[in-house]
Amino acid sequence: MLFTLIGINQRALVQALFNRSAWIYALVHGGVTTLVVSSIALLFGASTELLMAATAVCATGSLFATPAIVRSVGFDPLAAMAFTLSSTLMMPVILYINLAVFSGDEFSLDLQSYCLRLAVFIIGPMVISYLIHQYVPQKHLSRIHGKLAQFTILLVFSFPFGLTGQYRTLWNDDRSFAITMFFMAFAICILFFIIGLALYWRKGREAAYVAAITSGNRNVLLTYSVAGAFLGPLYLPLVGALQFPIFLQPIVVRYLLRRGDRKAQKEGLNRR
C-alpha cells in the first residue's frame with residue numbers, strides 16, 4: 001500500500017475519494033455484486049452457509065494491493081486507489097445488510113478491529129506517503145519509486161499463500177466439494193470482473209479495466225477480521241479457493257490488452 005501510494009499525488013487522491021464516482025463504484029462493488037450473486041445462488045438452491053460466504057465476499061472491499069496490480073498492467077493507479085478506499089469504507093455497511101438478510105442468527109461486527117486495520121493499512125501509509133512527497137524531491141522520488149514498484153508486485157503475489165489453509169483442509173476432507181468450490185470461486189471472480197467491465201465500458205477501455213480489476217480483487221481477510229465466525233464455516237474455504245483466480249487476473253488482463261492492441265493495429269493496417 002505504501003509503495004504504491006508513494007507514486008500517487010496525495011492531493012489528487014483525496015479529491016478523487018471525495019468525488020461521487022468513487023462512492024457510486026463502491027455501491028457497484030458491494031451492492032450490485034451482492035444482488036447478482038445472491039440471485040444466482042438462490043436460483044440454484046445454495047445452502048445458507050454457502051450463501052453467507054458468497055455474499056460476505058461480495059461485501060468485501062477491494063484488496064489494498066489492487067492499485068499495484070493496476071499499475072502492473074500499465075494503467076494509472078489513482079482511480080483504483082480511490083475505488084479501493086471507498087469500497088473498503090463501504091464494506092461494514094453492506095456486510096451488515098447482507099448478514100441481516102441472509103443469516104438467521106444474531107451477529108456482531110468487530111468495528112474496533114476494523115478501525116485499527118484502517119489506521120494501519122490506509123491512514124498510516126497515506127500520512128507517510130504525504131510526508132515523503134513533502135520532503136523528498138520529485139526527481140529522487142520518481143527514481144526510488146521506479147525501483148520499489150518492481151518489488152511491490154512480488155509482495156502482492158506472495159499474499160495468497162497465507163489464505164489457502166482452510167481450502168486445503170476441505171480438499172483433504174471432501175475432495176469433490178472442494179473441486180466444486182474451486183470452480184465456484186472462478187465463476188464468482190469472473191462475474192465480479194464482468195460486472196465492473198460492463199458497467200464502466202462506456203467510460204473507455206482503461207476505466208472499464210480498472211473497475212473490472214478492482215471489482216475482482218477482494219480483501220477477504222479484512223472482512224473475516226470484522227465478522228469472523230458469523231460468516232459461516234464455508235467462508236475461509238471459499239476465500240482459499242478464490243486466491244488463484246484473483247491473482248490470475250493481471251495475466252489475463254495483460255493478454256486481453258495485448259490482443260486488443262494487435263487487433264486494433266491490424267484493423268488500422270487494413271484501412272490503409
**Q** Once ring-ring contact (aromatic ring centres under 6.0 Å, His included) is applied, what residue pairs with a partner in residues 35-81 remain, sequence neighbours excluded?
**A** F64-F121
**Q** Considering all heavy atoms of both residues, which atom of A211 and which atom of G196 are nearest to each other, and what is their separation?
**A** CB-O, 3.8 Å
**Q** Kindly work out whether a path of hydrophobic side-chain contacts (I/L/V/M/F/W/Y, heavy atoms less than 4.5 Å apart) joins L35 to I190.
**A**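 No, separate clusters.
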**Q** Take T88 and I122, measure what side chain to side chain contact (heavy atoms under 4.5 Å, CB included) needs, and give me the verdict at the end.
**A** CA-CA 10 Å; T88 300; I122 293 181; 4.0 Å; yes
**Q** Rounded at 0.5 Å granularity, tell me how far CG in L118 sits from CG in L116.
**A**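 The CG atom of L118 sits 9.0 Å away from the CG atom of L116.
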**Q** Name all residues meeting the side chain to side chain donor-acceptor pair (under 3.5 Å) criterion together with S113; count only those two or more places apart in sequence or in a different chain, and write none if there are none.
**A** R117
**Q** Among residues two or more places apart or on two chains, list those pairs meeting side-chain hydrogen bond (donor to acceptor under 3.5 Å, both in side chains) that have a residue in residues 20-37.
**A** N19-S21, Y25-H29, H29-R218, T34-N98
**Q** With a 4.5 Å cut-off on side-chain heavy atoms, are Y209 and L257 touching?
**A** yes
**Q** Considering residues at least two apart in sequence or located in another chain, which fulfil the side chain to side chain contact (heavy atoms under 4.5 Å, CB included) criterion with A46?
**A** A41, L50
**Q** Could you go through the side chain to side chain contact (heavy atoms under 4.5 Å, CB included) check for T48 and F102 one step at a time?
**A** CA-CA 7 Å; T48 301; F102 299 109; 6.0 Å; no
**Q** Using modelled atom types and a 3.5 Å cut-off, is there a donor and acceptor pairing between side-chain atoms of Q249 and backbone atoms of F193?
**A**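 Side chain of Q249 to backbone of F193: no pair is present.
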**Q** So which atom in S86 and which in L17 form the shortest heavy-atom distance, rounded to 0.1 Å?
**A**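 Minimum heavy-atom separation between S86 and L17: N-CD1, 3.9 Å.
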**Q** For a quick test of reading the model, state the closest non-hydrogen atom pair linking Y114 to L89 and the distance between them.
**A**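 Of all heavy-atom pairs spanning Y114 and L89, the closest is OH-CA, 3.3 Å.
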**Q** A side-chain contact here means heavy atoms from C-beta on lying under 4.5 Å apart; do L27 and V32 qualify?
**A**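 Sidechains of V32 and L27: no contact.
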**Q** For M181, does its backbone N or O pair with a side-chain atom of Y167 as donor and acceptor, under 3.5 Å?
**A**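 No; zero donor-acceptor contacts below 3.5 Å.
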**Q** By side chain to side chain donor-acceptor pair (under 3.5 Å), which residues pair with D174, not counting sequence neighbours?
**A**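 Residues passing side chain to side chain donor-acceptor pair (under 3.5 Å) with D174: S176.
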**Q** Given M91, which of N219, L109, V226 fulfils the side-chain contact (heavy atoms from CB on, under 4.5 Å) condition?
**A**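 When side-chain contact (heavy atoms from CB on, under 4.5 Å) is applied between M91 and each of N219, L109, V226, only V226 qualifies.
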**Q** Kindly write out the residues that satisfy ring-ring contact (aromatic ring centres under 6.0 Å, His included) with Y96, not counting sequence neighbours, or none if the list is empty.
**A**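 Testing Y96 for ring-ring contact (aromatic ring centres under 6.0 Å, His included), a comparison that skips the adjacent residues, returns F107.
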**Q** Using the side chain to side chain contact (heavy atoms under 4.5 Å, CB included) criterion, which residues pair with V37? Sequence neighbours excluded.
**A** A54, C58, L191, F192
**Q** Ignoring hydrogens, what is the shortest heavy-atom contact between G30 and I94? Give both atom names and the distance.
**A**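 Looks like CA-CD1, 3.5 Å.
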**Q** Taking the side chain as everything from C-beta on, heavy atoms only, tell me whether M126 gets closer than 4.5 Å to L13.
**A** yes
**Q** Could you pull out all residues at least two apart from F182 that satisfy ring-ring contact (aromatic ring centres under 6.0 Å, His included)?
**A**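 Checked F182 against ring-ring contact (aromatic ring centres under 6.0 Å, His included); matches are F186.
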**Q** Calculate, to the nearest 0.5 Å, the distance between atoms CG and CD1 belonging to L256 and I251 respectively.
**A** 12.0 Å
**Q** Would you give the length of the straight line joining atom CG of L43 to atom CD1 of I40, rounded to the nearest 0.5 angstrom?
**A**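 Reported value, rounded in 0.5 Å steps: 8.0 Å.
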**Q** My understanding is that only residues two or more places apart in sequence, or in another chain, count here; which of them pass side chain to side chain donor-acceptor pair (under 3.5 Å) with S38?
**A** none
**Q** So, T66 side chain and S62 main chain: donor-acceptor pair closer than 3.5 Å or not?
**A**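 Absent.
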**Q** Taking everything shown except Q134 itself, do over 12 heavy atoms lie less than 6.0 Å from its CD?
**A**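 Yes, CD of Q134 has more than 12 neighbouring heavy atoms, counting only those of other groups under 6.0 Å.
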**Q** Check whether any side-chain heavy atom of L170 sits under 4.5 Å from a side-chain heavy atom of Q166, and report yes or no.
**A** no
**Q** Verify side chain to side chain contact (heavy atoms under 4.5 Å, CB included) between F244 and T164, making sure each step is shown before the conclusion.
**A** CA-CA 9 Å; F244 182 67; T164 56; over 6 Å; no
**Q** Do V57 and T223 make a side-chain contact, defined as non-hydrogen atoms from C-beta onward lying under 4.5 Å apart?
**A** no
**Q** Applying the 4.5 Å side-chain criterion to the ILVMFWY set and letting contacts propagate, would I213 and W201 be lumped into a single cluster?
**A** yes
**Q** Is the backbone of L222 close enough, under 3.5 Å, to the side chain of S225 for a donor and an acceptor to pair up by distance?
**A**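 Yes, because the side chain of S225 sits within donor-acceptor range (under 3.5 Å) of the backbone of L222.
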**Q** Could you state the interatomic distance from OG1 (T60) to CG (L231), rounded to the nearest 0.5 Å?
**A**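 Interatomic distance, T60 OG1 to L231 CG, rounded to 0.5 Å: 8.0 Å.
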**Q** Go through the structure and list residues passing side chain to side chain donor-acceptor pair (under 3.5 Å) with T55, not counting sequence neighbours.
**A**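 For T55, no residue satisfies side chain to side chain donor-acceptor pair (under 3.5 Å) once neighbours in sequence are set aside.
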**Q** Can you see which heavy atom on I246 is nearest to which on G216, and at what distance?
**A**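 Taking I246 first and G216 second, the nearest heavy atoms are CG1-O, 3.6 Å.
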**Q** When you compare the side chain of P237 with that of T169, does any pair of heavy atoms fall below 4.5 Å?
**A** no
**Q** Counting only heavy atoms not in F177 (residues, nucleotides, ligands), do more than 12 fall under 6.0 Å from its CZ?
**A**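 Counting other residues, nucleotides and ligands, CZ of F177 exceeds 12 neighbours.
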**Q** Minimum heavy-atom separation for H133 and L5, please, with both atom names.
**A** NE2-O, 3.8 Å
**Q** Using side chain to side chain contact (heavy atoms under 4.5 Å, CB included), reason through I69 and T214 one step at a time and then give a plain yes or no.
**A** CA-CA 9 Å; I69 295 174; T214 309; over 6 Å; no
**Q** List in chain and number order the residues that pass side chain to side chain contact (heavy atoms under 4.5 Å, CB included) with A16, two or more places apart in sequence or in another chain; answer none if no residue qualifies.
**A** A82
**Q** Can you tell me how far apart CG (L199) and CZ (R202) are? Round to the nearest 0.5 Å.
**A**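 Here the interatomic distance stands at 8.5 Å.
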**Q** Members other than I123 in its cluster, when Ile, Leu, Val, Met, Phe, Trp, Tyr link by side-chain heavy atoms under 4.5 Å?
**A** V127, Y130, L131, Y135
**Q** Give a yes or no on whether the backbone of V239 and the side-chain of Q243 come within a donor-acceptor separation of less than 3.5 Å.
**A**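 Yes.
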**Q** Would you say that L63 contacts T84 through its side chain, given a criterion of any heavy-atom pair below 4.5 Å between the two side chains?
**A** no
